[in-house]
Amino acid sequence: MAKPKPWLEPHSHGLYVKPADLWIDPSRPVARAAVTHGHADHARSGHASVFATPETLAIMALRYGVDVEASHNQAFGYGDGFERGGVRFSFFPAGHVLGSAQILMEYAGERIVITGDYKRRADPTCAPFEVVPCDIFITEATFGLPVFRHPPTGDEIAKLIGAVRAEPNRCILVGAYALGKAQRVIAELRGAGWNAPIYIHGAMEKMCALYAAHGVDLGELRLVSETDKADMAGQIIVAPPSALNDRWSRRLPDPVTAMASGWMRVRQRARQRMVELPLVISDHADWDELTTTISEVNPKETWITHGSEDGLLRWCELHQRKARALHLVGRDLEEEG
Ligand SMILES: [Zn+2]
Ligand SMILES: [Zn+2]
């Protein structure tokens, strides 16, 4: 097993960059936090100072009231960064959600990349993942088991459109996380030629508006709360997963329940949520994307966190790659694949 670096300490609540006195994605309030993206298991409220991409800061402003204008918070575009305590920090696209970044740290001739969450397939709502050469690669492993192989996104979107066309008197209710997955499903539908208005739950309105303000074309969105039940027959509704089986869905015309998540690969998960139409659409790398990425980045050491560490650790061992599992807590509170 590889040794931790003296200048970068893995703690249960985040990675601490010692010479810079700065945390990456800490799960508790700190003086200085660099944040990879806006999901709640990475971006928390209460930090005195936040360093992130402009989009991530905008998302944190929307969710937690983080003041984007305040000088103690700083925004950096992709390829850009800052220096603190002799450590150079730079942000690179992670392809996960709008504004998501990998963070490259350079110190004393050593390069460490922390991916945050990432994926490799095309996503019309965010910049594609960039391979950043480094000595130590700290990768997520949400789907770090060979059983997780996501099908082509286009096939899942075609399945969704086919289902709504097959049931013109019903509607399809798609459960999708409010940050990232919902906007991606909508943008993918637009790309596949679905031009009808898409109906959304009120909890998604502001985040969809934020995406649109950042140039992501979501087409015409309408609020379910402002629409007559009969008008939603033969239409697509997008709502947070928590709304799928609650009273809210009674205002919809005989909904077929769908859910967009990498976990839908597991039948048991779909059954638990009473999902009739599982859509395997994930914002996390699947097994092949994880292993391909490690091969392409080709680091001296791989550190694995955020999911099925042991599966990916085993793969690294089999391929003579130096690796270790970090056991950080407080992950996967909200986004779920
Ligand atoms: Zn995430
Ligand atoms: Zn995450």
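Taken from CD1 in I103 to CZ in F91, the straight-line distance is 4.5 Å, to the nearest 0.5 Å. I172 CD1 to T257 OG1: the interatomic distance, rounded to the nearest 0.5 Å, is 9.0 Å. For the atom pair OH (Y107) and CD1 (I112), the distance works out to 11.0 Å, reported to the nearest 0.5 Å. Within the model, atoms CD of E226 and CD of E205 stand 7.0 Å from one another, a figure rounded to the nearest 0.5 Å. Note that OG1 of T125 is 8.5 Å distant from CG of L218, once rounded to the nearest 0.5 Å. Note: R251 CZ to T227 OG1 = 10.0 Å, rounded to the nearest 0.5 Å.
Ring pair H284/F148: centre-to-centre distance not below 6.0 Å.
W23 and Y16 have tilted rings, their planes meeting at an angle from 30° to 60° on a 0 to 90° scale. Ring planes of H37 and H39: perpendicular class, angle over 60° (limits at 30 and 60°). Using cut-offs of 30° and 60° for the angle between ring planes, the W248 and H201 rings count as tilted.
The two residues S249 and P255 come nearest to each other via the heavy atoms O-CG, 4.1 Å. The two residues S27 and R44 make their nearest non-hydrogen contact at O-NH1, 2.7 Å. Of all non-hydrogen atoms in I294 and P299, the two that sit nearest each other are O-CD, 3.5 Å. Annotation for V238 and M204: closest pair O-SD, 3.6 Å, computed over non-hydrogen atoms. Between T53 and A75, the shortest heavy-atom distance links the atoms C-CB, 4.3 Å. Here the closest non-hydrogen pair linking L290 and A141 is CD1-CA, 4.2 Å.
Between E289 and K119 no salt bridge is recorded (no basic side-chain N to carboxylate O distance below 4.0 Å).
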Test F143 against R265 for side-chain contact (heavy atoms from CB on, under 4.5 Å), laying out the working first. CA-CA 11 Å; F143 293 114; R265 177 76 180 71; over 6 Å; no

Derivation of the ring-ring contact (aromatic ring centres under 6.0 Å, His included) call for F82 and F51: CA-CA 9 Å; F82 63 98; F51 305 84; 4.5 Å; yes

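Cluster annotation: M207 and V66 are assigned to distinct hydrophobic clusters (Ile/Leu/Val/Met/Phe/Trp/Tyr, side-chain heavy-atom contacts under 4.5 Å, transitive). Under the 4.5 Å side-chain heavy-atom criterion for ILVMFWY residues, a single connected hydrophobic cluster contains both I281 and V97. Both M259 and V280 are assigned to one and the same hydrophobic cluster, defined by single-linkage of ILVMFWY side chains at heavy-atom distances under 4.5 Å. Hydrophobic clustering, with ILVMFWY side chains joined whenever heavy atoms are under 4.5 angstrom apart, keeps V50 apart from V30.
Contact annotation: the side chain of F137 approaches that of Q102 to within less than 4.5 Å [non-hydrogen atoms, C-beta and beyond]. Between I200 and I186, the closest side-chain pair of non-hydrogen atoms falls below 4.5 Å. Side-chain contact check for V174 versus I237: every heavy-atom pair is 4.5 Å or farther apart. With contacts defined as side-chain heavy-atom distances shorter than 4.5 Å, the pair T293/T115 does not qualify. No side-chain heavy atom of H96 sits less than 4.5 Å from a side-chain heavy atom of C126. Between V68 and N73 there is no side-chain heavy-atom pair separated by less than 4.5 Å. At a threshold of 4.5 Å between non-hydrogen side-chain atoms, the residues V147 and W287 do not count as touching. Side-chain contact check for C316 versus K322: every heavy-atom pair is 4.5 Å or farther apart.
Looking only at atom types and distance, the side chain of T292 has no donor-acceptor partner in the side chain of R120 under 3.5 Å away. In this structure, a donor-acceptor pair under 3.5 Å is absent between the side chains of S261 and R269. In summary, the side chains of T139 and Y118 do present a donor paired with an acceptor at a separation below 3.5 Å, with no hydrogens or angles considered. The closest side-chain donor-acceptor pair between R271 and Q268 falls under 3.5 angstrom.
None of N245, V224, L252 except one satisfies the side-chain contact (heavy atoms from CB on, under 4.5 Å) rule with L173; the exception is L252. With I138 as reference, L15 is the one residue of V113, I24, L15, I304 to meet the side-chain contact (heavy atoms from CB on, under 4.5 Å) rule.
R149 CZ: more than 12 foreign heavy atoms inside a 6.0 Å radius. More than 12 heavy atoms of other residues, nucleotides or ligands sit less than 6.0 Å from atom CZ of R84. Counting non-hydrogen atoms of other residues, nucleotides and ligands closer than 6.0 Å to CD of E69 gives a total of 12 or fewer.
Not counting sequence neighbours, D217 has no partner by the side-chain hydrogen bond (donor to acceptor under 3.5 Å, both in side chains) test. D286 meets the side-chain hydrogen bond (donor to acceptor under 3.5 Å, both in side chains) test with R121; sequence neighbours excluded.
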